[in-house]
Participant: 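Quick one: the structure is below, questions incoming.
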Amino acid sequence: MGNSHDQLPAPNDTVDIRLISSESNWIEGAAIQQLQKTAELNGMRAVAGMPDLHPGRGYPIGAAFFSVGKIYPALVGNDIGCGMSFWQTTLKLSKLKLDKLAKSLSDIEQPLSEDWDEEVRDGKIGKNILNDEFDRSLGTIGGGNHFAEFQAIDRIENQALFEEAELNKNFTYLLVHSGSRGLGQSILSEHVTQHNHNGLQESCDDFSAYMAKHDEAVRWAELNRELIARRFMQAVRCEGRPILDVNHNLVSPVEVSGSTGWLHRKGATPSDNGLVIIPGSRGDYSYLVKPVEETAHRSLFSLAHGAGRKWARGDCKARLDKRFSSEDLLRTKLGSRVICGDKELLYDEAPEAYKRCDDIIQSLIDEGLIEVVARLRPVLTFKTQGRCDK
DNA sequence: ATGTGC
């Protein structure tokens, strides 16, 4: 069974460090070092690296961290509430025209027009969002690894679960990956200005102040993904229904092995909240999976949030520009189309920069953490068009 | 990651 479920050397005997990974799944050493370093933080009781673990700025991405008495906002990072929203649309797959689809998305990055005012207002009231500083970003996906992707059901892996979720392979699906944009960033900046990377004691005022803002950013990110999805569906003239919406960057109260504390997730998909999507790169399959309840504690109630980076951002262009022109990168091996106006990003997010999603999924299966419902194939991936002045 | 920064 390879090194799956390995116990790694811990800084002291009270911290449980584990790595969810099979032999076929490569994980960068630097990421494991970061995971071990994070386990040394005061109050930390358990950390778990997911199969997509990779190095971040000081702390690893693709991991869950359980602490008691303290939280660490820097572990969650700036994109509080970032996650995946998955929709079944009414668009018949057989009637899909890629050129037409691509054309209809020309205006999709501008701030929402006044036509959306009522929906935005109602959405904010419904989710108790009072902040209005970043209203102009609501309904926009942003940059980095964020995207919106039309997908097709490529293979049904579990017919019973597929039917239970009331899915239909004749229709097109929409996957949205985005977060809290400038709002989460402003919350982390404020915290770091006051406290550096120190944690916040549960009893202090700044703790509850941070949590209140964090929770609002999580709701903001959820509303953002819904508005993005509705906007895309309106642009391509269809309707749809939400299948799931799951955050992979957040901190929430939890009980682990009888202790009450806080679970930080940084690029870690909750496995205690129904079906989830584990997306591959834009040139790879994504998987709709059902977390196994009985084993969820083994991975701190978390799963991988994607295929995981193989190469650091910024290294990608130099590694790929001899092999691929930027035009080449607008199509993938799976026959899907890519819309992205930012050339650097086109390389940074190339399929080659990510691991095979299959290896990630296999690691989770080996560990008994998931059942695969269906495999999805990308049809068209929309990413940022870059800055207007470029 | 960032209504990014020189």
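Values below: all heavy atoms of this structure, side chains included; hydrogens, waters and symmetry mates excluded.
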Participant: Could you tell me how far apart I228(A) (CD1) and dG3(B) (P) are, to the nearest whole angstrom?
Facilitator: 12 Å

Participant: Need one value for G142(A): base, sugar-phosphate or nothing, where a base atom within 4.0 Å counts as base even if backbone is also close, heavy atoms only.
Facilitator: sugar-phosphate

Participant: What's G77(A) touching, base or sugar-phosphate or nothing? Going by heavy atoms closer than 4.0 Å.
Facilitator: nothing

Participant: Do Q362(A) and D358(A) have side-chain atoms, one donor and one acceptor, less than 3.5 Å apart?
Facilitator: no

Participant: To the nearest Å, give me how far apart CZ (R181(A)) and P (dG3(B)) are.
Facilitator: 5 Å

Participant: What is the separation between atom NE2 on H177(A) and atom P on dT2(B), rounded to the nearest whole Å?
Facilitator: 9 Å

Participant: Cationic tip of R181(A) within the cone over F134(A)'s six-membered ring, i.e. under 6.0 Å and within 45° of the normal?
Facilitator: no

Participant: By a strict heavy-atom criterion of less than 4.0 Å, which residues belonging to residues 120-136 of chain A are in contact with DNA chain B?
Facilitator: E133(A), F134(A), R136(A)

Participant: What do the steps show when you test K213(A) against E216(A) for salt bridge (charged side-chain N to carboxylate O under 4.0 Å, His left out), and what is the final call?
Facilitator: CA-CA 5 Å; K213(A) 287 181 208 154; E216(A) 186 178 34; over 6 Å; no

Participant: Between atom CD in E190(A) and atom P in dT2(B), what is the gap in whole Å?
Facilitator: 19 Å

Participant: Rounding to a whole Å, what distance do you find between L188(A):CG and dT4(B):P?
Facilitator: 17 Å

Participant: Between D245(A) and R225(A), does a salt bridge (charged side-chain N to carboxylate O under 4.0 Å, His left out) hold up when you go through it step by step?
Facilitator: CA-CA 8 Å; D245(A) 183 89; R225(A) 286 188 290 273; 2.8 Å; yes

Participant: Within the structure shown, what part of the strands sits under 4.0 Å from G143(A) by heavy-atom distance: base, sugar-phosphate, or nothing?
Facilitator: sugar-phosphate

Participant: Rounding to an integer number of Å, can you tell me how far D342(A) CG sits from dG3(B) C1'?
Facilitator: 16 Å

Participant: In whole angstrom, what separates N78(A)'s CG from dG3(B)'s P?
Facilitator: 9 Å

Participant: Apply the side-chain hydrogen bond (donor to acceptor under 3.5 Å, both in side chains) test between E349(A) and each candidate in R282(A), H146(A), R309(A); give the one that qualifies.
Facilitator: R309(A)

Participant: Distance under 6.0 Å and angle within 45° of the ring axis: does R241(A) meet both against W87(A)?
Facilitator: no

Participant: Could you tell me how far apart Q385(A) (CD) and dG3(B) (P) are, to the nearest whole angstrom?
Facilitator: 17 Å

Participant: Show which side-chain atoms of residues 114-121 of chain A pair as donor or acceptor with protein atoms under 3.5 Å away, not counting sequence neighbours.
Facilitator:
none

